[in-house]
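A short worksheet on the structure shown next.
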Amino acid sequence: MVTFIYILLISFFFLDLYLGLKFLEYFICANVRHQPPFVPSVSKLRRTLVKEIKMHYPNTKNIIEAGSGFGGAARYIARHCNCNVDAVENMPFTAFVSTVLDHLFFVLPVRTHWGDVFKYLEHTNKKYDIAVAYLGPDITKCLAKYKNKINVIISMDFEIPDLQPVRVIKLKSGWTKYRGIKYPHQIFVYEI
């Protein structure tokens, strides 16, 4: 009985530590850096994203996910599209959790990188078939500057102003709330 209580207390300690670090990162992200806070993509968006890649870009080999969070979408894409995915997340704790989950789920073609996705793109020699982004509307548009390294941008929920999408896939329900505005679940596909 005493062992059970110790295990329970240790579990609560690690849960509290995890939630505290997650809250701290969320606060820093939203209030200090003024970036969109981490919001996991819903499974409906992931399924639609994979369907889009398989249908229109079946020969995709390399994908970069900008703002990958815990890497759920990156692992889902790698598993279902049979391609390499570089997941880039700038929040350290979130990137650490993503790296651990990559190894736990043995999704080898996924590599999580901690850092700014735009600095990563500037310094890498790699060319990507697709960039997947679930970022805010102000940040997603910055991906268009990397035409020499990205062929297609697929943005979840946020449209890139001044760039005409080749396809817009509207999901029937759900939305993402950012800065008090509700953005309905959609996928915007840009060939740049």
Side-chain angles (χ1 to χ4, degrees), residues 7 10-50 52-54 57 60-136 139-140 142-143 146 149-150 152-158 176 178 187:
I7 291 171
I10 290 170
S11 298
F12 279 127
F13 170 77
F14 281 110
L15 178 63
D16 284 346
L17 181 64
Y18 165 77
L19 292 174
L21 288 171
K22 190 174 170 186
F23 173 77
L24 180 63
E25 257 192 1
Y26 186 92
F27 178 81
I28 291 169
C29 186
N31 298 312
V32 176
R33 291 183 172 179
H34 303 290
Q35 298 171 331
F38 165 64
V39 177
S41 58
V42 295
S43 60
K44 196 183 314 180
L45 272 173
R46 293 178 191 179
R47 285 192 307 270
T48 305
L49 177 66
V50 164
E52 172 65 19
I53 293 169
K54 284 180 162 183
Y57 309 102
T60 296
K61 298 291 178 223
N62 293 308
I63 293 178
I64 185 168
E65 186 187 4
S68 60
F70 291 140
R75 286 185 294 279
Y76 189 83
I77 293 166
R79 211 173 14 250
H80 290 79
C81 295
N82 196 26
C83 59
N84 296 311
V85 180
D86 285 329
V88 184
E89 173 57 46
N90 69 347
M91 299 308 288
F93 179 68
T94 305
F96 170 74
V97 170
S98 180
T99 302
V100 169
L101 291 173
D102 291 347
H103 294 323
L104 283 177
F105 290 111
F106 302 107
V107 183
L108 297 177
V110 176
R111 285 172 305 284
T112 298
H113 305 275
W114 170 42
D116 181 85
V117 70
F118 305 112
K119 288 180 183 174
Y120 179 83
L121 284 168
E122 286 172 16
H123 294 101
T124 187
N125 293 326
K126 208 169 187 182
K127 186 155 172 78
Y128 293 96
D129 301 310
I130 298 173
V132 174
Y134 190 37
L135 303 168
I139 297 174
T140 303
C142 298
L143 286 171
Y146 298 94
K149 297 195 178 185
I150 300 169
V152 176
I153 298 172
I154 300 179
S155 176
M156 294 184 275
D157 288 352
F158 302 107
T176 296
Y178 178 65
I187 293 193

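All values below come from the heavy atoms of this structure, side chains included, with hydrogens, waters and symmetry mates left out. Remember, predicted model here, so these are calculated numbers, not experimental data.
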How long is the straight-line distance from CG of Leu45 back to CD1 of Ile154, given to the nearest 0.5 Å? 12.0 Å
Tell me, with the steps shown, if Val132 and Met156 meet side chain to side chain contact (heavy atoms under 4.5 Å, CB included). CA-CA 8 Å; Val132 174; Met156 294 184 275; 3.9 Å; yes
Determine yes or no for a side-chain-to-main-chain donor-acceptor pair under 3.5 angstrom, with Trp114 supplying the side chain and Ala95 the backbone. no
Might you point out which heavy atoms bring Pro109 and Ala78 nearest each other, and give the distance in Å? CG-CB, 4.1 Å
Is there a side-chain contact between Asp129 and Tyr57 (heavy atoms, below 4.5 Å)? no
Taken to the nearest 0.5 Å, the spacing of Ile130 CD1 from Lys61 NZ works out to 11.5 Å
When rounded to the nearest 0.5 Å, the distance separating OH of Tyr128 from OH of Tyr146 is 12.5 Å
Lys119 atom NZ, over 12 foreign heavy atoms within 6.0 Å: no
Under 3.5 Å donor-acceptor, Lys149 side chain and Lys127 backbone: no
Could you grab the distance from atom OG1 of Thr60 to atom CG of Asn84, nearest 0.5 Å is fine? 11.5 Å
Stepwise side chain to side chain contact (heavy atoms under 4.5 Å, CB included) test for Phe158 and Ile139: CA-CA 10 Å; Phe158 302 107; Ile139 297 174; over 6 Å; no
Is there a side-chain contact between Thr176 and Tyr134 (heavy atoms, below 4.5 Å)? yes
When you look at CZ of Phe93, are more than 12 heavy atoms from neighbouring residues, nucleotides or ligands closer to it than 6.0 Å? yes
I need the minimum non-hydrogen distance between Lys126 and Arg111, along with the two atoms involved. NZ-NH2, 2.9 Å
Measure the spacing between CE of Met91 and OG of Ser68 and express it to the nearest 0.5 Å. 12.5 Å
Could you check whether the rings of His113 and Tyr120 sit parallel, tilted or perpendicular, using 30° and 60° as the cut-offs? tilted
Charged N-O contact under 4.0 Å between Arg75 and Asp102: yes
Given Val110, which of Ile77, Ile63, Val85 fulfils the side chain to side chain contact (heavy atoms under 4.5 Å, CB included) condition? Val85
In terms of heavy-atom contacts, Phe70 and Val97 come closest through CD2-CG1, 3.5 Å
With rounding to the nearest 0.5 angstrom, report the CG to OG distance, Leu135 to Ser155. 7.5 Å
Within-4.5 Å side-chain heavy-atom neighbours: Leu121 and Ile150: yes
Do you know which two heavy atoms are closest between Gly69 and Ser98, and how far apart they sit? O-CB, 3.6 Å
Looking at Val88 and Gly115, what are the two nearest heavy atoms and their distance? CG1-O, 3.4 Å
Hey, is the main chain of Thr94 close enough, under 3.5 Å, to the side chain of Glu89 for a donor-acceptor pair? no
Could you pull out the closest heavy-atom pair between Glu65 and Ala73, with the gap in Å? OE2-CB, 3.6 Å
